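Comments concern the structure below.
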Amino acid sequence: MKLFLDTASVQEIRQMWEVGILDGVTTNPSLVAKEGRPFETVLREICAVGIPSVSAEVVATDVPGMLAEGRRLSKLHPSIYVKTPMTTAGLEATKTLRKEGIRVNMTLVFSANQALLAAKVGASYVSPFIGRLDDQSQDGMELVRDIREIYRQYGFKTEILVASVRHPVHVLEAAKLGADIATMPMAVMEKLVQHPLTDLGLARFLKDWQKVPQESSAPPAR
Ligand code: E4P
């Protein structure tokens with residue numbers, strides 16, 4: 001499963017990219033607003049890190065507007081995936097952008113039928129928002145399970161990108177269901193690494209190591 005960071009912070013992206021576990025980045029208008037810098041400047045910097053997949057969202061709500069923004073964003077860098085919202089206009093724009101060879105991530109997906117439509121217009125990624133469904137007392141992971149089943153049934157190539165991830169159990173469940181990608185905030189990705197028994201075990205090994213007699217640094221006598 002691919003792991004994406006859900007952030008527009010170039011600093012966070014660089015940090016995780018160095019570790020070697022990062023496969024991509026998703027941004028949205030809210031995440032970009034937090035950075036307080038122009039969108040395209042931020043996108044260029046993210047792409048320059050070397051990230052192979054960077055999702056950038058259009059803000060137009062009509063088809064011509066989405067097409068113009070999508071084409072412009074896609075020209076910024078070969079790593080860009082254009083994000084379109086799950087609306088009738090978004091579906092139409094996705095179909096056209098895909099015909100032009102532009103990769104598209106359909107976002108704000110909250111039902112399996114919406115995911116079916118995203119696949120029918122050839123979306124590269126479909127982004128079900130798991131955490132926001134959980135917030136509404138609806139099991140977000142049930143949606144991922146349904147999408148996986150539908151896509152398998154018909155051999156759709158659209159990749160399932162589990163979004164709105166709030167904690168490590170979301171990542172674990174997404175992986176068990178065979179989701180292609182999970183995108184998560186930095187704090188969640190950091191928690192994937194951590195375990196108190198790892199810290200305890202390491203501390204004990206290092207303490208015991210102090211008791212091991214060290215080699216003499218003097219050169220051997222001839
Ligand atoms: C990513 O593509 C989504 O925009 C993001 O995961 C939404 O997360 P949120 O529900 O925490 O805002």
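Only a predicted model underlies this, so the values are computations on that prediction, with no experimental measurement involved. Position 1 is the first residue of the sequence, and the numbers go up from there. In listed order, ligands and their atoms are each counted from 1.
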Fill in: Residue, atom name and distance, where the atom is the protein heavy atom closest to atom 11 (O) of ligand 1
Arg166 NH2, 3.5 Å

Worksheet item: Which of the atoms of ligand 1 are close to Ala163, meaning less than 4.0 Å from one of its heavy atoms?
Response: 1 (C), 6 (O)

Practice prompt. Starting from atom 7 (C) of ligand 1, locate the nearest protein heavy atom and write down its residue, its atom name and how far away it is, to 0.1 Å.
Written response: Phe129 CE2, 3.7 Å

Worksheet item: Which heavy atom of the protein is the closest neighbour of atom 1 (C) of ligand 1, given with residue, atom name and distance?
Response: Asp6 OD1, 3.3 Å

Practice prompt. Specify the protein heavy atom at minimum distance from atom 8 (O) of ligand 1: its residue, its atom name, and the distance to 0.1 Å.
Written response: Ser164 CA, 3.5 Å

Item to complete: Take Thr7 and Thr27 through the side chain to side chain contact (heavy atoms under 4.5 Å, CB included) test and state the conclusion after the steps.
Response: CA-CA 6 Å; Thr7 184; Thr27 67; over 6 Å; no

Item to complete: Report the C-alpha separation of Asp180 and Arg148 in whole Å, then their side-chain angles, then the decisive distance to 0.1 Å, and conclude whether the salt bridge (Lys or Arg N to Asp or Glu O under 4.0 Å) test is met.
Response: CA-CA 10 Å; Asp180 301 284; Arg148 183 74 291 163; 3.4 Å; yes

Response to the item:
So the atoms of ligand 1 within less than 4.0 Å of a heavy atom of Arg132 turn out to be 7 (C), 9 (P), 10 (O), 12 (O)

Worksheet item: Which of parallel (below 30°), tilted (30 to 60°) and perpendicular (above 60°) describes Phe156 and Tyr154?
Response: tilted

Discussion item. Test of understanding: given a 4.0 Å heavy-atom threshold, classify the contact between Glu57 and ligand 1 as side chain, backbone, both, or neither.
Written reply: neither

Item to complete: List every atom of ligand 1 that sits less than 4.0 Å from any heavy atom of Lys83, numbering the atoms from 1 in the order shown and giving each element.
Response: 1 (C), 2 (O), 3 (C), 4 (O)

Discussion item. Taking Lys95 first and then Glu92, would you say they form a salt bridge - that is, a charged N and a carboxylate O separated by under 4.0 Å?
Written reply: no

Worksheet item: Hey, are Arg132 and Asp135 close enough for a salt bridge, meaning a charged N less than 4.0 Å from a carboxylate O?
Response: no

Item to complete: Evaluate the ring planes of Tyr81 and Tyr125, with Trp represented by its six-membered ring, and classify them as parallel (under 30°), tilted (30 to 60°) or perpendicular (over 60°).
Response: parallel

Worksheet item: Please walk me through it: do Glu142 and Arg145 pass salt bridge (Lys or Arg N to Asp or Glu O under 4.0 Å)?
Response: CA-CA 5 Å; Glu142 273 305 309; Arg145 186 175 286 110; 2.4 Å; yes

Worksheet item: Going by the order shown, which atoms of ligand 1 are within less than 4.0 Å of some heavy atom of Asn28?
Response: 3 (C), 4 (O), 5 (C), 7 (C)

